[in-house]
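Encoded as structure tokens, the structure appears first; notes follow it.
Remember, predicted model here, so these are calculated numbers, not experimental data. To find a chain, count down the sequence lines: A is the first, B the second, and so on, and within it residues start at 1.
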Amino acid sequence: MVKNLLKKIISNEYNTDFDILTPPDPKMGDYSVNLAFILAKKEKKNPKELSEELAAKFSKSNELSRYFGKIEAVGGFVNFYISNDFLRSQLLKILEQGENFGSGEKKNYKINLEFVSANPTGPLTVHNVRAAPYGDALASILKKSGYDVTKEYYINDAGNQVRLLGESVARRYLRLKGKTIDFPDNLYQGEYIIDIAKEVEKDGLVDQIENFDELVLVCKDYALKKLTSLIIGSLKRLGVEFDVWFSEEKLYETGEAETTLRILDKGKHVYEKDGAKWLKIDNSGERDAVLVKSDGAYSYLMGDIAYTRNKFMRGFNKAVNIWGADHHGDVLRLMTGVKFLNYEDEALDVLLHQLISIKVGGETKRMSKRKGELVIFDELLEEVGGDVIRFFFLMKDLNTHMEFDIDLAKKQSNKNPVYYVQYAFARLNSILAKSKEQRAKSKNFENLELLKEKEEFLLMRSLVKFPELVEEISKNYQVHHLAQYSFSLASVFHNFYEKHKVIQDDKNLERARLELCRATATILKTTLSLMGISAPERMDGKESEGA
RNA sequence: GAACCAGUAGCUCAGCUGGAUAGAGCAUCGGCCUUCUAAGCCGAGGGUCACAGGUUCAAAUCCUGUCUGGUUCGCCA
């Protein structure tokens with residue numbers, strides 16, 4: 001990784017903080033160092049002169065000349081140009097390593113990544129699916145970086161909400177049976193409840209049950225099973241699969257919640273007030289939160305703390321949660337609870353994604369599972385497809401308050417930028433398929449020296465940046481940079497494609513360009529696969545407008 | 001009243017965590033297919049980076065304040 005090396009080499013000589021930047025234009029080099037500005041202040045010198053001195057000095061370094069062909073001062077910056085030799089050597093590396101290019105060393109570090117975890121009280125909505133492609137891609141990137149990653153879904157199958165779910169189904173069932181029974185507003189109003197009730201009726205499972213509470217319980221279990229498998233199915237169709245589906249109920253059955261509470265209590269972090277047990281967050285008392293309710297039931301927070309502890313007990317070094325921003329108030333509470341259990345602050349990361357506002361028919365919808373006002377994810381998936389949805393979410397920062405116009409998304413799905421990336425891959429594939437020597441992995445790479453066009457170098461430069469990107473995302477979790485990168489790589493390739501022929505009379509040049517294409521296809525396919533997006537070998541004909 | 005996140009082109013969003021002339025897609029207008037796929041390429045128009053101060057060699061980016069929007073402040077989950 002050139003960036004790290006550069007930083008190391010300069011740091012060895014200058015004991016000061018500085019940044020390695022990317023110049024605004026590739027013409028200005030691959031990396032830029034602002035060292036002169038920083039030294040100028042310390043030594044009270046002119047930054048421009050200093051940068052020239054630095055450039056002259058760096059140019060003489062043998063170590064740097066292994067990577068850089070040119071080092072020059074521009075307006076106070078020192079700009080570094082990766083040498084052509086080094087670019088070609090990296091091209092070779094890509095061809096040799098294939099999809100392993102950019103992979104990090106095994107780190108022997110276990111990460112538990114929890115995301116989506118939508119309540120099993122209804123079908124998956126467009127709303128709660130935002131974290132799915134993001135978390136899935138993050139897991140892939142972390143794995144590529146050498147971490148051991150487990151993807152996990154926390155099923156909130158305990159507490160009052162699922163009891164209400166059971167009651168909703170039970171009352172619908174009784175109505176189907178011809179009983180007059182009211183259906184209060186606080187129950188789940190959605191159509192899917194009636195569907196489940198119909199299945200309960202068809203099943204005949206509850207025919208003998210007279211006691212209402214017992215009926216509710218059986219309906220609850222039935223509905224939970226049904227809805228969970230519905231959610232699993234929806235996610236699967238999007239291509240997202242979890243390693244572990246963790247039941248909240250388990251924490252109470254095994255007594256883990258109780259144990260966790262005892263540890264907190266022992267550490268004097270718990271006190272009683274109004275018949276409930278509270279977690280002491282700070283001295284003001286204002287932020288304190290209930291762990292055990294006055295009726296003896298555990299709170300959601302208690303479950304979450306016990307759940308996080310459970311992850312560490314299972315041997316994970318780090319837990320990463322992706323939550324919707326509506327839970328931001330819970331972050332401090334969970335963090336505090338986990339800290340009181342004596343785990344390091346860094347052991348838990350909570351990423352928040354902002355909520356999506358959804359527009360249907362020009363109107364912004366507020367979604368509520370209780371009220372049954374849902375934009376069901378499956379319906380969208382069927383219309384626009386998984387690749388489009390994934391890329392749409394993956395391109396944006398988690399902090400973006402997205403506006404998702406469903407009608408527009410359907411209408412414009414054939415203009416989604418994902419096709420731009422996939423099309424680049426299809427074009428590459430077409431070239432490789434056409435060339436006679438495509439699979440002849442001859443080790444004669446000497447022709448690479450024939451690559452000297454501007455577009456060829458731009459392509460190589462983009463390819464070389466890939467490992468740095470993977471490493472950076474594994475640290476800052478900015479998954480959308482990968483989507484942005486894939487788009488820009490596709491763009492650089494399309495430009496190359498328009499300007500230069502690969503298959504041609506000059507067979508030596510053709511061979512060299514084929515290698516460049518193979519390397520590009522490899523990286524493009526790797527990025528797509530990290531994002532969980534398909535890499536089609538062909539894309540025929542344009543979809544008709546407004547179909 | 002408090003907390004978190006945001007406000008960048010007509011629309012949807014990037015802007016690599018303080019750097020060089022603020023970018024892309026869509027939309028609008030104009031050009032490019034006898035040659036590896038035109039789901040592509042080239043060009044044009046479109047910006048007081050919400051506003052006001054501050055920090056410094058340098059601010060869309062950091063700090064403070066104001067305005068606007070989303071979310072949350074329950075012994076719901």
TODO: For B/U35, measure the glycosidic angle (O4'-C1'-N9-C4 for a purine, O4'-C1'-N1-C2 for a pyrimidine) and name it syn if it falls within 90° of 0, otherwise anti.
DONE: anti

Open item on the list: Is the distance from the ring center of A/Y420 to that of A/F487 below 6.0 Å?
Closed with: yes

TODO: Report yes if a donor N or O on one partner sits less than 3.5 Å from an acceptor N or O on the other, where the partners are the side chain of A/H401 and the base of B/C5; otherwise report no.
DONE: yes

Task: Between B/C75 (C1') and A/R333 (CZ): distance, integer Å - done: 12 Å

- [ ] Map every base of RNA chain B to its dot-bracket character, where paired means a Watson-Crick or G-U wobble contact with both distances under 3.5 Å and | marks a partner outside the strand.
- [x] (((((((..((((.....[...)))).(((((.......))))).....(((((..]....))))))))))))....

Task: Criterion salt bridge (Lys or Arg N to Asp or Glu O under 4.0 Å) on A/K410 and A/E383, from CA distance to verdict - done: CA-CA 7 Å; A/K410 288 174 183 170; A/E383 277 202 66; 3.1 Å; yes

Open item on the list: Is there a salt bridge (Lys or Arg N to Asp or Glu O under 4.0 Å) between A/E456 and A/R513? Walk through the geometry before answering.
Closed with: CA-CA 8 Å; A/E456 292 164 339; A/R513 286 191 175 154; 2.5 Å; yes

Open item on the list: Just to be sure I understand the rule, does A/F487 reach a base, reach only the sugar-phosphate, or reach nothing, if contact means heavy atoms closer than 4.0 Å?
Closed with: sugar-phosphate

Task: Closest listed nucleotide, where the reference is the side chain of A/M28 and the choices are B/U71, B/U21, B/A77 - done: B/U21

Task: Nucleotide of B/A14, B/C36, B/C41 approaching A/Q484 most closely (side-chain heavy atoms) - done: B/A14

Open item on the list: Taking any heavy-atom pair under 4.0 Å as a contact, classify A/Q478: base, sugar-phosphate, or nothing.
Closed with: base

TODO: Let me know, please, whether A/A490 or A/W278 comes out on the 5' side of the other along RNA chain B by nearest nucleotide.
DONE: A/A490

- [ ] Compare all side-chain heavy atoms of A/F18 with those of A/V78 and state whether any distance is below 4.5 angstrom.
- [x] no

Open item on the list: Between the base of B/A39 and the ring of A/Y420 - centre-to-centre under 5.5 Å, planes within under 30° - is that a stack?
Closed with: no

Open item on the list: Just the rounded figure in Å: distance from C1' of B/C13 to CZ of A/F391.
Closed with: 12 Å

Task: salt bridge (Lys or Arg N to Asp or Glu O under 4.0 Å) contacts touching residues 296-309 of chain A (sequence neighbours left out) - done: none

- [ ] Measure the distance from CZ on A/F493 to C1' on B/A39 and round it to the nearest whole Å.
- [x] 14 Å

- [ ] Consider the side chain of A/E498, meaning its heavy atoms from C-beta on, and name the nucleotide among B/G40, B/C57, B/C76 that approaches it most closely.
- [x] B/G40

Task: Between B/G15 (C1') and A/K396 (NZ): distance, integer Å - done: 15 Å

Task: Any donor-acceptor N or O pair under 3.5 Å, side chains A/E152, A/Y307 - done: yes

TODO: Kindly point out which of B/A27, B/G40, B/G69 is positioned nearest to the side chain of A/K415?
DONE: B/A27

Open item on the list: Please tell me if A/N416 has a side-chain N or O lying less than 4.0 Å from either OP1 or OP2 of B/A39.
Closed with: no

Task: Phosphate contact (B/G15 OP1 or OP2) by A/H480 side-chain N/O below 4.0 Å - done: yes

- [ ] For A/A158 and for A/S32, locate the closest nucleotide of RNA chain B by heavy-atom distance; then report the residue assigned to the nucleotide nearer the 5' terminus.
- [x] A/S32

Open item on the list: When the C1' atoms of B/A60 and B/U21 are compared, how many Å lie between them, rounded to an integer?
Closed with: 15 Å

TODO: Kindly point out which of B/C36, B/A20, B/G19 is positioned nearest to the side chain of A/Y497?
DONE: B/C36

TODO: Please determine, for the side chain of A/A276, which listed nucleotide (B/C75, B/A77, B/U21) has the closest atom?
DONE: B/C75

Open item on the list: How many whole angstroms separate atom NZ of A/K359 from atom P of B/C13?
Closed with: 10 Å

- [ ] Look at A/R427 and B/A38 and indicate whether a side-chain polar atom (N or O) is within less than 4.0 Å of OP1 or OP2.
- [x] yes

Task: Nearest-angstrom distance, C1' atom, B/A20 to B/A27 - done: 31 Å

Open item on the list: The test is salt bridge (Lys or Arg N to Asp or Glu O under 4.0 Å); show your working for A/E471 and A/K475 and say whether it passes.
Closed with: CA-CA 7 Å; A/E471 200 201 331; A/K475 287 178 182 148; 2.7 Å; yes

- [ ] For A/D25 and B/A24, give me the distance from atom CG to atom P, rounded to whole Å.
- [x] 12 Å

- [ ] Look at the side chain of A/E403 and decide which nucleotide, out of B/C5, B/U12, B/U71, has an atom nearest to it.
- [x] B/U12

TODO: Rounded to the nearest angstrom, tell me the gap between atom CG in A/N119 and atom P in B/A77.
DONE: 10 Å

Open item on the list: Looking only at the side chain of A/K293 (C-beta and beyond, no hydrogens), which of the listed nucleotides B/C16, B/A27, B/C76 gets closest?
Closed with: B/C76

Task: Below 4.0 Å: OP1/OP2 of B/U71 and any side-chain N or O of A/H353 - done: no

- [ ] Begin from the C-alpha positions of A/K507 and A/E510 and carry the test salt bridge (Lys or Arg N to Asp or Glu O under 4.0 Å) through to its verdict.
- [x] CA-CA 5 Å; A/K507 287 301 160 191; A/E510 175 177 313; 2.7 Å; yes

TODO: For the side chain of A/D326, starting at C-beta, report the closest nucleotide among B/G15, B/U71, B/G25.
DONE: B/U71

Task: A/N399 side chain near B/A6 phosphate (N/O to OP1/OP2, under 4.0 Å) - done: yes

Task: Same-atom distance (C1') from B/A38 to B/G31, integer angstrom - done: 13 Å

Open item on the list: With syn defined as a glycosidic angle within 90° of 0 and anti as the rest, where does B/C33 land?
Closed with: syn

Open item on the list: Classify A/N495 by what it touches in the nucleic acid, base, sugar-phosphate, or nothing, heavy-atom distance under 4.0 Å.
Closed with: sugar-phosphate

TODO: Starting from C1' on B/G74, measure out to CD on A/E286 and report it in whole angstrom.
DONE: 15 Å

Task: Centroid-centroid distance, A/F58 to A/F68, less than 6.0 Å - done: no

Task: Side chain of A/Q354 (C-beta onward), nearest among B/G70, B/C75, B/G19 - done: B/G70

Open item on the list: Which residue is it: A/V169, A/L164, A/V162? I am looking for the one with a side chain to side chain contact (heavy atoms under 4.5 Å, CB included) to A/K220.
Closed with: A/V162

